[in-house]
Amino acid sequence: MTQLKSEFLNILQERGYIHQVTDLEALDKKISEGPISAYIGFDCTAPSLHVGSLVQIMMLRWLQKTGNKPIVLMGGGTSKIGDPSGRDESRQLMTDEIIQNNLDGIFTVFNQLLEFGDGKTDAKMVNNDDWLSSLSYIPFLREIGPHFTINRMMTFDSVKLRLDREQPLTFLEFNYMILQAYDFMELAKRESVSLQMGGSDQWGNIVNGMELARRMGGGQLFGLTTPLMTTSDGKKMGKTANGAVWLNEAQLPAYDYWQFWRNTTDADVGRFLRLFTELPMDEIARLEALEGREINDAKIILANEATKLCRGLDAAKTAEATAKETFEKGGAGADLPTINVSSETLNAGINIIDLFVQAGLGSSKGEVRRLIKQGGAKLNDVKVASEEVTVAAADIADGQIKLSAGKKRHALVKPE
RNA sequence: GGAGAGAUGGCCGAGCGGUUAAAGGCGACGGAUUGUAAAUCCGUUCUCGUAUGAGUACGCAGGUUCGAAUCCUGCUCUCUCCA
């Protein structure tokens with residue numbers, strides 16, 4: 001590996017954030033000569049980002065920590081188009097209201113993870129809708145169009161893969177990369193940005209932006225991508241029992257977020273500690289070396305640190321305490337998913353199957369029946385013997401009823 | 001504009017008049033094992049019902065037939081080749 005001068009790139013390199021860089025040495029030189037501004041673009045396709053984007057966000061944190069200025073580009077404009085990268089099908093077009101709503105949701109995460117403001121190294125959020133929406137078609141084509149050849153565009157993975165798979169690629173989506181390239185150039189002008197970072201699937205888009213800027217006399221820009229985040233068993237990272245691992249509390253409670261990290265595969269612990277926590281490297285080396293059941297300690301630290309960053313210290317502590325109570329003592333931690341049931345209902349008695357469905361431990365009655373039949377359903381840690389069990393006020397212990405589906409999914413029922 | 005091919009359960013993919021709630025795989029879930037890991041093994045996998053069962057389901061709308069995912073007609077969408 002090349003010996004780097006800048007603190008920022010050194011950290012990125014030793015922690016494993018770098019997949020590809022356009023010109024590592026020149027970039028290193030530039031950063032070590034003085035602070036730079038760098039940006040990452042985020043689509044507003046959902047009300048929250050998920051762990052897949054966390055690697056990128058962590059880079060912005062390091063950027064800020066090392067004295068540079070992070071720019072968060074929200075794709076308010078490009079989300080009206082939809083990025084075809086890595087997709088077999090077109091995205092559903094979204095209305096302006098949905099996009100705005102998503103943008104607001106996503107921003108809460110950045111607000112948690114970065115310092116925003118007007119200072120030199122304060123993060124800044126920009127929205128490409130501000131300049132893309134007002135573009136006029138003909139002038140835009142005349143200005144930008146000559147710098148792109150269809151021949152070249154066809155060679156980019158985002159386009160090529162779709163064509164190779166004989167999946168349709170609309171003209172609308174085909175334009176996405178041009179707009180993203182335009183963004184890079186625009187940000188270089190507006191915010192003196194010199195580096196764009198992103199996931200490895202963004203390489204083509206980033207390179208396009210650099211070339212456009214160069215051809216239009218904008219000077220040298222840089223691009224850097226992170227590796228595709230997969231777990232060591234080859235799956236795409238970021239799935240839990242309930243779907244994607246969202247960064248927002250509203251989409252995924254802190255306890256589940258903590259559990260996601262706690263359940264990391266042994267082989268991924270070191271890598272994840274480097275990428276998703278800010279623990280010093282020697283500490284990580286120590287944790288990573290743990291073997292057998294001891295590596296569980298490293299996983300707990302990983303979960304604590306990751307949850308702390310994203311959800312705050314209190315959330316991390318509560319989640320840890322809940323996990324400890326639930327798994328180590330076999331009890332019921334306070335942070336478990338909870339539903340409220342009226343006292344009248346409980347006094348009258350409620351069927352066990354209905355209660356499980358209400359508690360979210362099964363998506364249909366049939367599923368809960370199966371669960372009971374297979375011996376995976378528990379009421380206050382006692383196996384539910386039959387589908388006809390009725391839960392009533394008498395089952396309340398310590399002011400609550402504990403339901404379990406399998407060993408890992410638990411929920412609390414509280415009377416109200 | 002012309003000629004072909006196709007659309008099946010969360011996904012991939014068989015089926016091509018009845019024995020098909022639809023093979024097989026993946027995924028997911030439960031159990032065993034264990035360390036809230038991985039790997040492995042066993043089981044489950046549309047909805048409702050205690051159950052005999054009923055209701056939905058093979059792109060959409062009709063039709064033929066005792067009976068259709070399977071045959072016919074129209075429509076929608078996609079792909080390939082030709083102009």
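All figures in this text were calculated on a predicted structure; none of them were measured in a lab. Below, each value reflects all heavy atoms present in this structure, side chains not excepted, and no hydrogens, waters or symmetry copies. Every chain is numbered from 1, with letters handed out A, B, ... down the list of sequences.
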Between [N] and [M], how many Å separate the two [atom1] atoms, rounded to a whole number?
N      : M      : atom1 : result
B/rA69 : B/rC60 : C1'   : 15 Å
B/rG13 : B/rA22 : C1'   : 12 Å
B/rU64 : B/rG74 : C1'   : 15 Å
B/rC29 : B/rA39 : P     : 13 Å
B/rG27 : B/rU33 : C1'   : 22 Å
B/rG9  : B/rA54 : P     : 25 Å
B/rU56 : B/rC48 : P     : 15 Å
B/rC58 : B/rA32 : C1'   : 37 Å

To the nearest Å, give me how far apart [atom1] ([X]) and [atom2] ([N]) are.
X        : N      : atom1 : atom2 : result
A/Asp354 : B/rC48 : CG    : C1'   : 12 Å
A/Lys365 : B/rU45 : NZ    : P     : 19 Å
A/Phe356 : B/rG30 : CZ    : P     : 11 Å
A/Leu302 : B/rU36 : CG    : C1'   : 14 Å
A/Asn296 : B/rA37 : CG    : C1'   : 7 Å
A/His410 : B/rU36 : NE2   : P     : 11 Å
A/Asp266 : B/rG35 : CG    : P     : 12 Å
A/Asn263 : B/rC29 : CG    : C1'   : 15 Å

Side-chain N or O of [X] closer than 4.0 Å to phosphate OP1/OP2 of [N]:
X        : N      : result
A/Thr265 : B/rA38 : no
A/Lys299 : B/rA37 : no
A/Arg409 : B/rG30 : yes
A/Lys407 : B/rA32 : yes
A/Lys408 : B/rA37 : yes
A/Arg370 : B/rA28 : no
A/Arg369 : B/rU44 : no

Do the rings of A/Trp261 and A/Phe272 sit parallel, tilted or perpendicular, given the 30° and 60° boundaries? perpendicular
Would you mind pulling out the nucleotide paired to [N], Watson-Crick or G-U wobble, both distances under 3.5 Å?
N      : answer
B/rU64 : none
B/rA7  : B/rU76
B/rG27 : B/rU45
B/rC81 : B/rG2
B/rU70 : none
B/rA32 : B/rU40
B/rU50 : none

Please step through side chain to side chain contact (heavy atoms under 4.5 Å, CB included) for the pair A/Phe222 and A/Met210, ending with a clear verdict. CA-CA 7 Å; A/Phe222 299 91; A/Met210 292 168 45; 5.7 Å; no
Sugar-phosphate only, base, or nothing, as touched by [X] at under 4.0 Å among non-hydrogen atoms:
X        : answer
A/Gly406 : sugar-phosphate
A/Ala405 : sugar-phosphate
A/Gln259 : base
A/Ser386 : nothing

Taking atom types as they are modelled, would you say the side chain of A/Gln374 forms a donor-acceptor pair with the base of B/rG31 within the 3.5 Å cutoff? no
Side-chain donor/acceptor contact of A/Lys324 with base of B/rU36 under 3.5 Å: no
Any Lys/Arg nitrogen of [X] or [Y] sitting under 4.0 Å from an Asp/Glu carboxylate oxygen of the other?
X        : Y        : value
A/Arg286 : A/Glu283 : yes
A/Lys69  : A/Asp122 : no
A/Glu211 : A/Arg214 : no

Determine, using ring centers only, whether A/Phe116 and A/Phe110 are less than 6.0 Å apart. no
Could you say whether A/Glu367 or A/Gly292 is positioned toward the 5' end of RNA chain B, judged by the nucleotide with the nearest heavy atom to each? A/Gly292
Toward the 5' end of RNA chain B, which comes first, A/Glu291 or A/Lys378, by nearest nucleotide? A/Lys378
Just by distance, with hydrogens left out, do A/Asp28 and A/Ser6 show a side-chain donor and acceptor under 3.5 Å apart? yes
When A/Val72 is tested against each of A/Leu60, A/Asn127, A/Leu113, A/Ile40 for side chain to side chain contact (heavy atoms under 4.5 Å, CB included), which residue passes? A/Leu60
